[in-house]
> 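Got a structure for you, questions after.
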Amino acid sequence: MIGEAKRYVESQTSLRPKIGIVLGSGLGAFADELNDRVEIPYSEIPGWPPATAVGHAGRLIVGKLGDLDAAVMAGRAHLYEGNTPSQVTYGVRVLGSLGVRAMVFTNAAGGINLALERGGLVVISDHINLQGCNPLVGPNDDSLGPRFPDMSEAYSRPFRLIAKEVAAELCIPLSEGVYAAMLGPSYETPAEIRYLRTIGADVVGMSTVLEVIAANHMGMTSLGISCVTNMAAGVLPQKIHHEEVLETGAMVRDTLVLFLKALAPRLVGQVTEQPSQKS
Ligand code: HPA
């Protein structure tokens, strides 16, 4: 099925993306930056699960960012929508088979670390998978990657350094922290947030980690960027609403677009200089 999806995407564009960017809830605006773009609804791509979450567009956009061929997933599949881990990681698998070597995963997240603020951007240093599943469970497809992939640098250190450099150049405040992934779709309780803080999480969300596992499995180099769309449960004396998440996404939209536009070519430059090794 992945092969069919790859051939379908290749039949729609002559571009051959080297970088893939996944846009999280309310963060879809970046797709408009691509020139010569084709927009392929997920429903047209063989095997691709629909993105049903509010604030997720559900399109694969392939286009040019300057000289760079890029693929943007506007909308992703979540476990909480009833998708299986292999559906959640399908898009990443297809991008990998298209030849993408560098991935940027963006997401909306709740701020657990009290030093964070609503609207802030966080480069993900590492993750804690509390979703209770792993996309690599089952027979391993050795043509994709190894049975037991290393995850000690799941979020590339060189990519994180580049992200910090680019943010500094653009005067965009950027924190760094650990992302905890919950199944959702209910937001956490205040007790759960205290627990997550105790185990070392700085932000919390409902996506990204399975995709990053699949990307690492395939030897793709990954960067994660969380947008703190709200402070996590119990931090402030107020309830969390999905509208707040989407509103914050809209607030940081222009900053994120600037950041990703400057970042993407530098990341691809890094991967081309030092091709990642699949073990
Ligand atoms: N918790 C989990 N996922 C989220 C949150 C949150 O507070 N905000 C945005 N996504």
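The residues of the chain are indexed from 1 along the displayed sequence. Whatever order the structure lists them in is the order used to number ligands and atoms, beginning at 1. Note that the structure is a prediction, hence the values are computed from the model and not measured.
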> Going from CG on Leu183 to CG on Leu130, what distance comes out if it is rounded to the nearest 0.5 angstrom?
10.5 Å
> Flag yes if Ile40 and Val22 sit in one hydrophobic cluster, no otherwise; membership is Ile, Leu, Val, Met, Phe, Trp, Tyr, and two members link when side-chain heavy atoms are under 4.5 Å apart.
yes
> Do the side-chain N and O atoms of His217 and Arg147 include a donor-acceptor pair separated by under 3.5 angstrom?
no
> With a 4.0 angstrom cut-off on heavy atoms, strictly below it, pick out the residues next to ligand 1 and order them by chain and number.
Ala108, Ala109, Gly110, Tyr187, Glu188, Val204, Gly205, Met206, Thr229, Asn230, Val245
> Got a list of side-chain donor-acceptor pairs under 3.5 Å for residues 222-230, not counting sequence neighbours?
unit_1 : atom_1 : unit_2 : atom_2 : d
Ser226 : OG     : Asn107 : OD1    : 2.7
Thr229 : OG1    : Ala109 : O      : 3.4

> What side chain to side chain donor-acceptor pair (under 3.5 Å) pairs are there with at least one residue in residues 124-139, not counting sequence neighbours?
His127-Tyr155
> Without placing hydrogens or testing angles, list every side-chain donor-acceptor pair under 3.5 Å for residues 61-72, not counting sequence neighbours.
unit_1 : atom_1 : unit_2 : atom_2 : d
Lys64  : NZ     : Asp69  : OD1    : 2.6
Asp69  : OD2    : Arg16  : N      : 3.0

